[in-house]
Enquirer: 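Take a look at this one; I'll ask things after.
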There are 2 protein chains.
Amino acid sequence: MPKRIRDKQAPDASDRLRAAGLRPTRQRLELAGLLFGMGDRHLTAEGLHAEARAAGCKVSLATVYNTLHQFTGAGLLRQVMVDASRSHFDTNTGSHQHFYCEDEGRLIDIPGEAVAVSGVPKPPQGMAVDRVDVVIRLRRA
Amino acid sequence: MPKRIRDKQAPDASDRLRAAGLRPTRQRLELAGLLFGMGDRHLTAEGLHAEARAAGCKVSLATVYNTLHQFTGAGLLRQVMVDASRSHFDTNTGSHQHFYCEDEGRLIDIPGEAVAVSGVPKPPQGMAVDRVDVVIRLRRA
DNA sequence: CAATAGTTTAGAACAGTTCTAAACAAATAA
DNA sequence: TTATTTGTTTAGAACTGTTCTAAACTATTG
């Protein structure tokens, strides 16, 4: 019984973590709850940390960084590079692209199938395409 | 006569700077020489600083940062965001896209007309597209 | 229940970048 | 020219986001 209690928010989260070779600790489960419990999200490390603390989770910033990287490595998150000063993490790991509002620092998903990129030349010898990132930068109209 | 001597490397560089509201100082002219004197380039601030020092230019890192930002503001450079830890500056300000070799941290231009992006949805109310960035991330094949 | 292996943490360390205030150089006025 | 104003450079301090460290802790395994 005690074994199940803390998994109540996401019954399968423990298994998802185990499958990724990560122990389902309190911190990881709580962070997973915040990240995956409410649709697609874009968060920075400090943003998630603040949110966790506000929600009463006792987690250190170091653990937030560790967890974000581990989740990214496990394919549960994707790191988005749009801003020189902070890394953003996207809970939507499917193939899709982004709008980025420069002034607000806000990311908005563009559904995967919508955008098509054509005319990409062959990569240089010995290199293969890993992925194609499209960022549509927006300014106040 | 002394007035022209230090402009020998780039006869019009002084005027380009003046047109941008920047005084053509020794440092700015020397950096401009390195940046624009040899085709399209991709440089980081520290990279340019190292190159300048190696070429015997006495320039501080602070000035390199200032200059890169001023040149970017003047439309002579473009800032490329591909790497979480460093900013890259591109001397090619025309419309074009990039290959990015993750492991080497190297950028390669893709000519502007080559790549086409289609199917971009209308931006949210009150926002306008500023530009569309495409980064094709490469890994060792 | 003990032993082991993985995790968390506070705080120090780090890298890249920006800031500060004083020295300096260029442009302008006289 | 020289004096004055305005813009620029600089060393170093400060700052920010991120990573590292080593000790305490927790989950899992034997």
Enquirer: Quick one: A:L29 CG to C:dT7 P, roughly how many Å, whole number?
Expert: 12 Å

Enquirer: Of the options B:I136, B:V115, B:V117, B:V135, which is the one that meets B:Q97 in a side-chain contact (heavy atoms from CB on, under 4.5 Å)?
Expert: B:V115

Enquirer: Heavy atoms only: give me the nearest B:G105-B:H88 pair and the separation to one decimal.
Expert: O-CE1, 3.6 Å

Enquirer: Please check: side-chain N/O of B:H49 versus main-chain N/O of B:A45, any donor-acceptor pairing under 3.5 Å?
Expert: no

Enquirer: So if I define the base as every atom that isn't primed, P, OP1 or OP2, how would nucleotides 10-26 of chain D read as a B/S/- string at a heavy-atom cutoff under 4.0 Å?
Expert: BB-----SBBB------

Enquirer: How many Å lie between CG on B:L22 and C1' on D:dT9, as a whole number?
Expert: 14 Å

Enquirer: Hey, does the side chain of A:T93 reach the backbone of A:R78 with a donor-acceptor pair shorter than 3.5 angstrom?
Expert: no

Enquirer: With a 3.5 Å distance limit and no angle check, can you tell me whether A:R28 reaches the backbone of A:T63 through a side-chain donor-acceptor pair?
Expert: no

Enquirer: Going by the side-chain contact (heavy atoms from CB on, under 4.5 Å) test, name the single residue among B:V64, B:L31, B:L43 that passes it with B:E51.
Expert: B:L43

Enquirer: Considering just the side-chain nitrogens and oxygens of A:R18, establish if one lies under 4.0 Å of OP1 or OP2 belonging to D:dA27.
Expert: no

Enquirer: Are the charged groups of A:R139 and B:D130 less than 4.0 angstrom apart, N to O?
Expert: yes

Enquirer: Looking at B:S95 and B:G112, would you say the former's side chain and the latter's main chain have a donor-acceptor pair under 3.5 Å?
Expert: no

Enquirer: Would you kindly give the CG-to-P distance between A:L31 and C:dT7, to the nearest whole Å?
Expert: 14 Å

Enquirer: Figure out the CD/C1' separation between B:Q70 and D:dT9, and round it to whole Å.
Expert: 10 Å

Enquirer: Side-chain donor-acceptor pair under 3.5 Å between A:D109 and A:H42, yes or no?
Expert: yes

Enquirer: Are there runs of at least three consecutive Watson-Crick or G-U pairs touching DNA chain D, with each pair's two distances under 3.5 angstrom? Give them by first number.
Expert: C:1-30 with D:1-30

Enquirer: What I want to check is whether the side chains of B:D90 and B:H98 have a donor and an acceptor closer together than 3.5 Å.
Expert: yes

Enquirer: Would you jot down, in residue-number order, the residues of residues 73-81 of chain A having a non-hydrogen atom under 4.0 Å from DNA chain C?
Expert: none

Enquirer: Give the minimum heavy-atom separation between B:L138 and A:V129, together with the two atoms involved.
Expert: CD2-CA, 3.9 Å

